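Let me begin by presenting the structure, written as structure tokens, before commenting on it.
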Amino acid sequence: MGGAVSAGEDNDELIDNLKEAQYIRTELVEQAFRAIDRADYYLEEFKDNAYKDLAWKHGNIHLSAPCIYSEVMEALDLQPGLSFLNLGSGTGYLSSMVGLILGPFGVNHGVELHSDVIEYAKQKLDFFIKTSDSFDKFEFCEPSFVTGNCLEISPDCTQYDRVYCGAGVQKEHEDYMKNLLKVGGILVMPLEEKVQSLS
């Protein structure tokens with residue numbers, strides 16, 4: 001999936017293209033996308049592709065296409081202070097953008113199957129906090145990542161205002177995913193090849 005917008009020369013140009021194509025529609029989402037350079041989440045030798053609207057995968061490391069992330073961010077209808085669960089949190093790119101919107105009173109949890117990807121995400125988060133000049137412009141809800149299988153979360157765990165599942169979900173797991181939501185919450189996940197927003 002991806003390739004919906006033309007390639008940019010840098011992060012700002014990529015965001016401009018996503019705005020022009022109506023993938024990014026709100027100021028909060030635009031600010032979060034501009035604050036985090038997508039190339040920082042790539043391995044050095046693949047950074048030439050960072051501003052293309054394409055997914056990227058190397059071993060267990062995976063980034064969805066920017067048009068997908070922008071659709072997800074808009075569909076989540078994020079606001080400061082909400083709780084967020086990212087199932088298949090990967091590199092932490094999406095969780096970090098969400099954290100810029102949730103602010104200091106939010107909750108930002110990620111569950112990832114692969115421990116090597118968790119380590120990668122923690123390195124990227126550390127790099128963002130230490131080096132980003134945009135970090136000082138936001139009150140950040142730092143994501144917390146754990147290794148685990150998102151289909152084995154205890155039914156009596158905390159429920160969340162917003163849940164995103166980046167992994168492909170079979171129709172029979174839809175109710176399981178909905179049980180992770182607070183009443184009135186929003187679940188965004190790919191279901192039968194399309195990004196669905198359920199509440």
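On a predicted model such as this, the values are computed, not experimentally measured, just so you know. Positions are given from 1, in the same order as the sequence printed here.
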Measure from the side-chain N and O atoms of [X] to the backbone N and O of [Y], and report whether any donor-acceptor pair falls under 3.5 Å.
X: Asn60; Y: Val117; answer: no
X: Gln159; Y: Leu181; answer: yes
X: Asn11; Y: Arg38; answer: yes
X: Ser70; Y: Cys67; answer: yes
X: Thr147; Y: Ser115; answer: no
X: Glu74; Y: Val29; answer: no
X: Glu13; Y: Glu9; answer: yes
X: Asp161; Y: Ser83; answer: yes
X: Arg162; Y: Leu76; answer: yes
X: Lys47; Y: Asn49; answer: no

Pairs involving residues 112-127, ordered by first then second residue, that meet salt bridge (charged side-chain N to carboxylate O under 4.0 Å, His left out) (sequence neighbours left out) =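 Of all non-adjacent pairs touching residues 112-127, those that pass salt bridge (charged side-chain N to carboxylate O under 4.0 Å, His left out) are Asp126-Lys130.
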
Member of Ser96, Ser144, Cys141 meeting the side chain to side chain contact (heavy atoms under 4.5 Å, CB included) criterion with Asn108 | Cys141

Is there a path of hydrophobic side-chain contacts, each under 4.5 Å between heavy atoms, that joins [X] and [Y]?
X: Ile129; Y: Tyr120; answer: yes
X: Leu14; Y: Leu28; answer: yes
X: Leu113; Y: Met177; answer: no

Residue pair [X] / [Y]: nearest heavy atoms and the distance that separates them:
X: Val111; Y: Gly148; answer: CG1-O, 3.5 Å
X: Met73; Y: Phe33; answer: CG-CE1, 3.8 Å
X: Val188; Y: Ala75; answer: CG2-CB, 3.8 Å

Heavy atoms, side chains only, cut-off 4.5 Å: are [X] and [Y] in contact?
X: Phe140; Y: Leu100; value: yes
X: Leu125; Y: Pro143; value: yes
X: Ile101; Y: Phe84; value: no

I'd like to know whether [atom1] of [X] has more than 12 heavy-atom contacts from other residues, nucleotides or ligands below 6.0 angstrom.
X: Glu45; atom1: CD; answer: yes
X: Phe105; atom1: CZ; answer: no
X: Gln79; atom1: CD; answer: yes

To the nearest 0.5 Å, how far apart are [atom1] in [X] and [atom2] in [Y]?
X: Asn17; Y: Lys52; atom1: CG; atom2: NZ; value: 13.5 Å
X: Ile186; Y: Asp77; atom1: CD1; atom2: CG; value: 5.0 Å
X: Trp56; Y: Ile61; atom1: CH2; atom2: CD1; value: 5.0 Å
X: Leu180; Y: Thr158; atom1: CG; atom2: OG1; value: 10.0 Å
X: Glu20; Y: Ile15; atom1: CD; atom2: CD1; value: 13.0 Å
X: Met189; Y: Tyr164; atom1: CE; atom2: OH; value: 11.0 Å

So, Tyr51 and Asp37: side-chain donor and acceptor under 3.5 Å apart, yes or no?
->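 Present: a donor and an acceptor within the cut-off.
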
Between the side chains of Tyr160 and His109, does any donor sit under 3.5 Å from an acceptor?
->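 Yes - a donor-acceptor pair under 3.5 Å links their side chains.
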
I'd like a table of donor-acceptor pairs (distance under 3.5 Å, sequence neighbours excluded) in which one partner is a side-chain atom from residues 88-95, with atom names and distances.
unit_1: Thr91; atom_1: OG1; unit_2: Tyr93; atom_2: N; d: 3.3
unit_1: Ser95; atom_1: OG; unit_2: Asn86; atom_2: ND2; d: 3.0

Output yes when Asp16 and Arg34 qualify as a salt bridge under the 4.0 Å nitrogen-oxygen rule, no when they do not.
-> yes

Pairs satisfying side-chain hydrogen bond (donor to acceptor under 3.5 Å, both in side chains), at least one member in residues 181-190, at least two apart = none

Might you work through the ring-ring contact (aromatic ring centres under 6.0 Å, His included) test for Phe127 and Tyr41, ending with a clear yes or no?
-> CA-CA 10 Å; Phe127 178 80; Tyr41 288 79; 8.6 Å; no

